Amino acid sequence: MGRLVGLSLLGIALALLGERLLALRNRLKASREVESVDLLNCHLIKGIEAGSEDIDILPNGLAFFSVGLKYPGLHSFAPDNPGGILMMDLKEENPRALELRISRGFNLASFNPHGISTFIDSDDTVYLFVVNHPEFKNTVEIFKFEEEENFLLHLKTIKHELLPSVNDIIAVGPAHFYATNDHYFSDPFLKYLETYLNLHWTNVVYYSPNEVKVVAEGFDSANGINISPDKKYIYVADILAHEIHVLEKHPNMNLTQLKVLKLDTLVNNLSIDPSSGDILVGCHPNGQKLFIYDPNNPPSSEVLRIQNILSEKPTVTTVYANNGSVLQGSSVASVYDRKLLIGTLYHRALYCQF
């Protein structure tokens, strides 16, 4: 009898594991391939060889790149090199990516930047917020950008128990931001287990010097985050659920869900087209290829444009798609004055004019 019970329990456990594995493959879109959608007048950006996970562009055309991300389970083309922040002036005829100097005292050797966001204060001071994973820990770094010297002055490092696995950030004040946690746990094994079991425990946190609180939760894996041009709505990408959530922002900074847009791809970072308010989405058509890297079958890239997301039927169009022959693992797309930048998790970056 005992053996029968044991075999029954083993069978149930194996069936559950098999079901979870199949569900994970579906969430990763493990069988999906893309057809190329090419853009004319594009070239790879010199100096970006090991990823440009996030990009943010100021109204004056200065673009910031977060480069060199190392993340557990992800491939890296430069595993021993620290990350950095690069800048391009998109107003120039032939813009080049230049690495910004960072003030003394900041630990450059362990710099591992992830999501970034800029904020311009009422006195025109530019702040750069950077999600950082020094030694795979989680901090948010706040810098002051000094344009004349192409220099970042480090102001503050933020750590908090409600920020255990920070992915992306949107600044809403000089020391105020919303951030996504892509996992509930910080321990690598527990992160893997959480993803495998599809617990939907990830969240969005609001941070200010006076208050830190969870303002939205229940995501599979909350990833990219941005804010609407009128500052009324927060957009959150749930990468493994293939969704973009629209949340209404209240005066107390709490969020309430307004709608969910379902897509057929893994949605990463979100950028706003300043000329139209459209959302540009860096996507992973096949997430399994990201984590099981094969140079002969590399991860593909995809960029979507979403128009009128608040309407009953938003328009979704594919701006760019590539099977990995040019660009592998697109994570972000940002636009400025008919110039498009596409960044990746750990590969190159693309500059296009249209």
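Please read all numbers here as calculations on a predicted model, not as lab measurements.
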Legend entry - Stepwise side chain to side chain donor-acceptor pair (under 3.5 Å) check, Asp38 with Ser36: CA-CA 6 Å; Asp38 295 320; Ser36 291; 4.6 Å; no
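- Side-chain polar atoms of Thr180 and Asp168 form no donor-acceptor pair below 3.5 angstrom.
- Using modelled atom types and a 3.5 Å distance limit, the side chains of His200 and Asn198 yield a donor-acceptor pair.
- Closest approach of Phe65 and Ser52 over heavy atoms only: CD2-CB, 4.1 Å.
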Inset, instruction - Apply the test side chain to side chain contact (heavy atoms under 4.5 Å, CB included) to residues Glu147 and Asn60: give CA-CA distance (whole Å), side-chain angles for both, the deciding distance (0.1 Å), then the verdict. - result: CA-CA 11 Å; Glu147 183 176 348; Asn60 65 0; 3.8 Å; yes
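- A distance-only check finds no donor-acceptor pair linking the side chain of Asn268 to the backbone of Gly282 [under 3.5 Å].
- Checking side-chain atoms of Asp238 against main-chain N and O of Phe219 turns up no donor-acceptor pair under 3.5 Å.
- Counting only heavy atoms from C-beta outward, the side chains of Asp220 and Glu243 never approach each other to under 4.5 Å.
- Within a 6.0 Å radius of CD in Glu217, other residues, nucleotides and ligands contribute 12 heavy atoms or fewer.
- Not one N or O on the side chain of Ser165 forms a donor-acceptor pair closer than 3.5 Å with the backbone of Ser186.
- Within the 4.5 Å cutoff, no side-chain heavy atoms of Glu49 are placed close to those of Phe77.
- A donor-acceptor pair under 3.5 Å is formed between the side chain of His154 and the backbone N or O of Lys156.
- At a threshold of 4.5 Å between non-hydrogen side-chain atoms, the residues Thr139 and Pro134 count as touching.
- In this pair, Phe185 and Trp201 present their aromatic rings tilted. The plane angle is within the 30 to 60° band.
- A side-chain N or O of Asn181 and one of Asn203 form a donor-acceptor pair less than 3.5 Å apart.
- For the pair Glu33 and Lys289, the salt-bridge criterion is met [side-chain N within less than 4.0 Å of a carboxylate O].
- The one candidate from Leu90, Asp89, Val126, Leu128 that meets the side chain to side chain contact (heavy atoms under 4.5 Å, CB included) condition with Leu58 is Val126.
- Note that the OH atom of Tyr346 and the CD atom of Gln328 stand 7.0 Å from one another [nearest 0.5 Å].
- A donor-acceptor contact closer than 3.5 angstrom is absent between the side chains of Asn210 and Ser208.
- For the 3.5 Å distance criterion, the side chains of Ser228 and Asp230 qualify, holding a donor opposite an acceptor.
- The only member of Asp273, Asp278, Leu261 that meets side chain to side chain contact (heavy atoms under 4.5 Å, CB included) when paired with Ile306 is Leu261.
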Inset, instruction - Report the C-alpha distance between Leu263 and Val316 in whole Å, list the side-chain angles of each, state the deciding distance to 0.1 Å, and finish with yes or no for side chain to side chain contact (heavy atoms under 4.5 Å, CB included). - result: CA-CA 9 Å; Leu263 299 164; Val316 180; 4.0 Å; yes
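- Using a distance-only test at 3.5 Å, with no hydrogens or angles considered, no donor-acceptor pair links the side chain of Lys70 to the main chain of Phe136.
- Atom CD of residue Glu53 and atom OG of residue Ser66 lie 6.0 Å apart, to the nearest 0.5 angstrom.
- Relative orientation of the Tyr71 and His133 rings is perpendicular, given thresholds of 30° and 60° on the angle between their planes.
- By the 4.0 Å N-to-carboxylate-O rule, Arg32 lies close enough to Glu302 to be salt-bridged with it.
- A distance-only check finds a donor-acceptor pair linking the side chain of Asn138 to the backbone of Val166 [under 3.5 Å].
- Under the 4.0 Å criterion applied to side-chain N and carboxylate O atoms, Lys339 and Asp337 are not assigned as salt-bridge partners.
- The backbone N or O of Gly47 lies less than 3.5 Å from no partner atom in the side chain of Arg96, so there is not a single donor-acceptor pair.
- The distance from the CG atom of Leu327 to the OG1 atom of Thr344 is 5.5 Å, given to the nearest 0.5 Å.
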Inset, instruction - Quick one: do Arg27 and Thr195 satisfy side chain to side chain contact (heavy atoms under 4.5 Å, CB included)? Show the steps, please. - result: CA-CA 10 Å; Arg27 288 155 64 209; Thr195 300; 3.9 Å; yes
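- For Phe111, the ring-ring contact (aromatic ring centres under 6.0 Å, His included) partners at least two apart in sequence or on another chain are Phe106.
- Remark: Ser271 OG to Ile279 CD1 distance equals 10.0 Å, nearest 0.5 Å.
- Each of Tyr127, Phe151, Phe64 was compared with Phe145 under the ring pair (Phe, Tyr, Trp, His ring centres under 6.0 Å) criterion, and only Phe64 meets it.
- With rounding to the nearest 0.5 Å, the separation of CD1 in Ile234 from CD in Gln257 is 13.5 Å.
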Inset, instruction - Apply side chain to side chain contact (heavy atoms under 4.5 Å, CB included) to Leu240 and Leu28, showing your working. - result: CA-CA 7 Å; Leu240 290 177; Leu28 290 172; 3.9 Å; yes
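- Atom CG of Leu290 is separated from atom CD1 of Ile239 by 7.5 Å, given to the nearest 0.5 angstrom.
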Inset, instruction - In sequence, state the C-alpha distance, the side-chain angles, and the governing distance for Asn322 and Ser301, and then conclude on side chain to side chain donor-acceptor pair (under 3.5 Å). - result: CA-CA 5 Å; Asn322 179 262; Ser301 293; 5.6 Å; no
